[in-house]
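The structure under discussion appears below in the form of structure tokens.
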Amino acid sequence: MDQITRESPAKLNLTLRVLGPRPDGFHALESLVAHINLCDTITATAHEDGCYALQCDDPALPRDGTNLVLRAAKALNNAAGTNHGIELVLRKRIPAGAGLGGGSSNAATTLSMLNELWGLQFSRAQLVALGAALGSDVPLFLHGPLSVVRGRGEIVEELSLPVRLAAALVLPDLCCATPAVYARLDQLPPPPPRPPLREVLDTLGSASHAMTVLFNDLEAAAFDLLPQLRTLSEQVTALAGAPVRLTGSGAALFRLFDDEQSALRLAGEVAARLNVRTAVARLAGP
Ligand code: C5P
């Protein structure tokens, strides 16, 4: 076996509670996260020792050693004390800077693919430790499809709850810089009290019920930094006749539905009336 192809999924933060800043510059979180079937595709082909190559169909992404997938490959070689070469082909569908975790997912998928392709025997816990050093959202993609993430993102508790929901995604051409969103959050008054996780989990059998309790503590900060995003959120809420949420630090918005047809209806209406890109996805089942 010298080639592997894998899907690299996006995520939605169904809840995102920011517990407060930590001495290391990160923030302590508790977030309920679901993988969705909006995926990038990565093909990894064994290459001669010491060679790293990356092809990507998105010209906006770096193809040098700063790309997270190549950093993941190097981190794995360093940890194993090896010098394996690799050629990665990355087909992007997950927009960058959207809070959908595309880059982190690509790094996590690369870690687990190369662990296999190179015949390394790293445990999931070891891959999680390597992933956490690459980015706070990487560990959640080494678990899933539904999990609770704590710490700064490195503590992941996988849930076995079956969730059969669809999501309408609103993908504006706006980019939220995560550090700026967290920095703005620190200047804002503390968010209102939030429902406990148990209560949120109990609503996941019904999308409309769930949408009444889902929350994201980063929303106020992201909307403050990008007033156009606040306006868009209000416009989508008006069209949906019900609330929408931000995922991660944005800028993607979502609303959950029990069925894909209803998600398609809202996505179509938002695209037509607000002239913004939309998509429909399913929450990935266990
Ligand atoms: O780990 P990652 O590269 O995704 O983090 C980007 C930035 O987001 C961090 O440098 C930090 O400013 C902020 N962040 C945070 N707390 C987290 C995750 C990210 O403050 N739990």
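This structure is a prediction, so every number in the text was calculated from the model and none was measured. Start at 1 and go down the list; that is how both ligands and their atoms are numbered.
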Q | Option set Ala132, Gly101, Ser136, Ala180, criterion heavy-atom distance to atom 2 (P) of ligand 1, minimum | A |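 Checking each option, the heavy atom nearest atom 2 (P) of ligand 1 is found in Ser136.
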Q | Proximal candidate to atom 7 (C) of ligand 1 [heavy atom criterion; set Gly151, Ala133, Pro179, Gly248] | A | Pro179
Q: Assess whether side chain to side chain donor-acceptor pair (under 3.5 Å) is satisfied between Arg93 and Thr41, documenting all intermediate values.
A: CA-CA 8 Å; Arg93 297 183 200 84; Thr41 308; 3.1 Å; yes
Q | Reference residue Val33; test side-chain contact (heavy atoms from CB on, under 4.5 Å); the match among Asn13, Leu14, Leu12, Thr247 | A |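 Exactly one pass, corresponding to Asn13.
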Looking at ligand 1, is there an atom of it that comes within less than 4.0 Å of some heavy atom belonging to [X]?
X      : answer
Gly153 : no
Gly25  : yes
Asp137 : no

Any donor-acceptor pair under 3.5 Å linking the side-chain atoms of [Y] with those of [X]?
X      : Y      : answer
Asp259 : Ser262 : yes
Glu158 : Ser147 : no
Asp202 : His209 : no

Provide, to 0.1 Å, the distance between [atom] and the closest protein heavy atom, together with that atom's residue and name.
atom                    : value
atom 9 (C) of ligand 1  : Phe26 CE2, 3.8 Å
atom 8 (O) of ligand 1  : Thr178 CG2, 3.3 Å
atom 3 (O) of ligand 1  : Gly135 CA, 4.2 Å
atom 13 (C) of ligand 1 : Tyr182 CD1, 3.4 Å

(Q) With a 3.5 Å distance limit and no angle check, can you tell me whether Ser233 reaches the backbone of Leu229 through a side-chain donor-acceptor pair? (A)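 Not confirmed, Ser233 side chain does not pair with Leu229 backbone.
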(Q) Using modelled atom types and a 3.5 Å cut-off, is there a donor and acceptor pairing between side-chain atoms of Arg164 and backbone atoms of Gly205? (A)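 It does not hold such a pair.
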Q. Backbone or side chain, does any N or O of Arg152 fall under 3.5 Å from an N or O of ligand 1?
A. yes
(Q) What I want to know is whether His27 and ligand 1 share at least one N or O pair that is separated by under 3.5 angstrom. (A)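 Yes, His27 has an N/O under 3.5 Å of an N/O on ligand 1.
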**Q.** Presence of salt bridge, Arg230 and Asp224, under 4.0 angstrom
**A.**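 A salt bridge is present here (some side-chain N lies under 4.0 Å from a carboxylate O).
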Q | Per-atom contacts of ligand 1 with Leu29, taking only distances under 4.0 Å to non-hydrogen atoms | A |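 Atoms satisfying the 4.0 Å criterion: 21 (N).
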